[in-house]
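Contents: one structure, followed by commentary.
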Protein chains: 2
Amino acid sequence: METRDFLRGRRRSELTEAEIAALETAIERVETVPARKVMSRRGERMRYSTLLVEGYACRYMDARDGYRQLLSYHVPGDFVDLHGYPSRFIDHDVGTISEAKFAFIPHEQIDRIMVDRPHLAAMLWFSTLLDAALHREWIFRIGRLDAAGRLAHFLCETFCRMSAVGRVSDNGYDLPLTQQDLGEATGLTSVHVNRIVRRLREDGLAIVGRGKARILDFGQLARVGEFDSDYLYLEDGPWKA
Amino acid sequence: METRDFLRGRRRSELTEAEIAALETAIERVETVPARKVMSRRGERMRYSTLLVEGYACRYMDARDGYRQLLSYHVPGDFVDLHGYPSRFIDHDVGTISEAKFAFIPHEQIDRIMVDRPHLAAMLWFSTLLDAALHREWIFRIGRLDAAGRLAHFLCETFCRMSAVGRVSDNGYDLPLTQQDLGEATGLTSVHVNRIVRRLREDGLAIVGRGKARILDFGQLARVGEFDSDYLYLEDGPWKA
DNA sequence: CGGTCAGTTGAAAGGCTTCAACGTATGTGG
DNA sequence: CCACATACGTTGAAGCCTTTCAACTGACCG
């Protein structure tokens, strides 16, 4: 059951047994990829899409001067490059953060789903729109929040998403990002991320470091980050007070 | 032919006559909406999706302190809130910029397209992924470029998109955005936008004002904004030197 | 012709970056 | 088991890009 976490914890994602089985049989192979490895490159022709089964990955773009901008962060259950299906190629890079396990689904299999299973097709479409909603929230985060707000918002987001796929215990979860990575996700320098992480810790909001995050005061963190989990389309959980 | 501009000028968007006809007959009604009017509100239940036929619109989110963040800018041919189809509601606001004409397509009609016309359905899906690609570029723009770069990038993007749908003449096009709006799109204040617009003009790159933009030196503007039109999936045009 | 809204400009303040050095953990080879 | 390399994290000081605050201009309109 490699598709176990696909759309897990999301509203409006009712899949029938038959649909889950269809998705499962569409998988060609499952592969484990080392940490910090490029999976797909900008402009590359895509013949399959990959579902992240275990581990963490991200999308990113490179600026001319060598700086990176992270575009999204992915957790198990995310259909990472389904964006390459309708257009047959992708416009950004995809890479792993930690060691990760991917299920490969050839595009011909998705073609068949489009023809035979309109509802499952709509759910695949839906999952790419969840990414779009995530992107919009990142625009808001970077465009309108200050450094502390950006970090707080990012932490709230990862907390909720990890919780939805059962990867949170005692308000802590794996977050294998360096301060450099966090800066590339939030449009900040690693130096400034360092100072903000420290402030969040001193203020008792969250502890970030050593590949882990622990949320100490979600309510306060959500206030600082102007975070509202609606855009994640999650079933009810601890983040809805 | 209200769907005349749908996917116009985009690569990988071959629609058959029958598909265009099917889309055309899916339209329930066409409506003209005044400038600066809210079309859909965050959290609203959606029963139809709208195709922008003429005029300009945008997506946006409000921050607590009253500031807005624009999330995308829409030109004729854009299927603005198709994002509300698979999930039945939207997570952001949509409003007009100028007076605009919309074609309304009920979700039941899209359901039928999903069942009867898998290829057209894939094209609808594709059009929402163009939005996602746009969102990613906006993240990059705001996260990694300075003020001049952000404005330059935004101008290159609107220039290319307007050109693709035949709304550019003599390198000039309608851009009915105030400097305040431009600031909300780029994560800047209107005061700073003013200074940058002035600099772009003095440097001979572009003239922005009075609801119009004119590109004087696209190559230089693209360099400043680190702009590459790949993500727009456009047929060849003047922007590919 | 006053009122409003967009645009313009100057001066001061501030948040974040830059630069640079140092600390700390982990791993590897002699 | 220590010496060394490397990568990540920490801290301070200086500088700059952008914001903030404030005032003024110009265009349009009832």
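In what follows, every chain begins at residue 1, and chains take the letters A, B, ... in the order their sequences are listed.
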Measure from the ring center of B:Tyr233 to the ring center of A:Phe89 and say whether it is less than 6.0 Å.
-> yes
Between the side chains of [X] and [Y], does any donor sit under 3.5 Å from an acceptor?
X: A:Arg42; Y: A:His92; result: no
X: A:Thr128; Y: A:Asp131; result: no
X: A:Glu157; Y: A:Tyr231; result: yes

Take atom [atom1] of [X] and atom [atom2] of [N], then tell me their distance rounded to the nearest Å.
X: B:Gln180; N: C:dT4; atom1: CD; atom2: P; value: 18 Å
X: A:Ile196; N: D:dT11; atom1: CD1; atom2: C1'; value: 14 Å
X: B:Ile97; N: C:dA6; atom1: CD1; atom2: P; value: 12 Å
X: B:Arg210; N: C:dG7; atom1: CZ; atom2: C1'; value: 11 Å
X: A:His192; N: D:dT18; atom1: NE2; atom2: C1'; value: 14 Å
X: A:Asn194; N: C:dC22; atom1: CG; atom2: C1'; value: 13 Å
X: B:Arg195; N: D:dC21; atom1: CZ; atom2: P; value: 14 Å
X: B:Leu182; N: D:dT19; atom1: CG; atom2: P; value: 13 Å

Of the listed nucleotides C:dG7, D:dT11, C:dT9, the one nearest the side chain of B:Gln179 | C:dG7
Among C:dC19, D:dG9, C:dG7, the one nearest A:Thr178 by side-chain distance | D:dG9
Below 3.5 Å, does any donor atom in the side chain of A:Arg199 face an acceptor in the base of D:dT10, or the other way round?
-> no
Answer yes or no: side-chain N or O of B:Arg144 and base N or O of C:dT17 forming a donor-acceptor pair under 3.5 Å.
-> no
A:Asp146 or B:Val197: which one's nearest nucleotide on DNA chain C is closer to the 5' end?
-> B:Val197
Quickly, which of B:Arg161, B:Arg59, B:Arg8 forms a salt bridge (Lys or Arg N to Asp or Glu O under 4.0 Å) with B:Asp78? Name it, please.
-> B:Arg161
Report yes if a side-chain nitrogen or oxygen of A:Thr189 is closer than 4.0 Å to either non-bridging phosphate oxygen (OP1 or OP2) of C:dC16; otherwise report no.
-> no
Mind checking A:Gly187 for me? I need base, sugar-phosphate or nothing, with any heavy atom below 4.0 Å counting as a touch.
-> sugar-phosphate
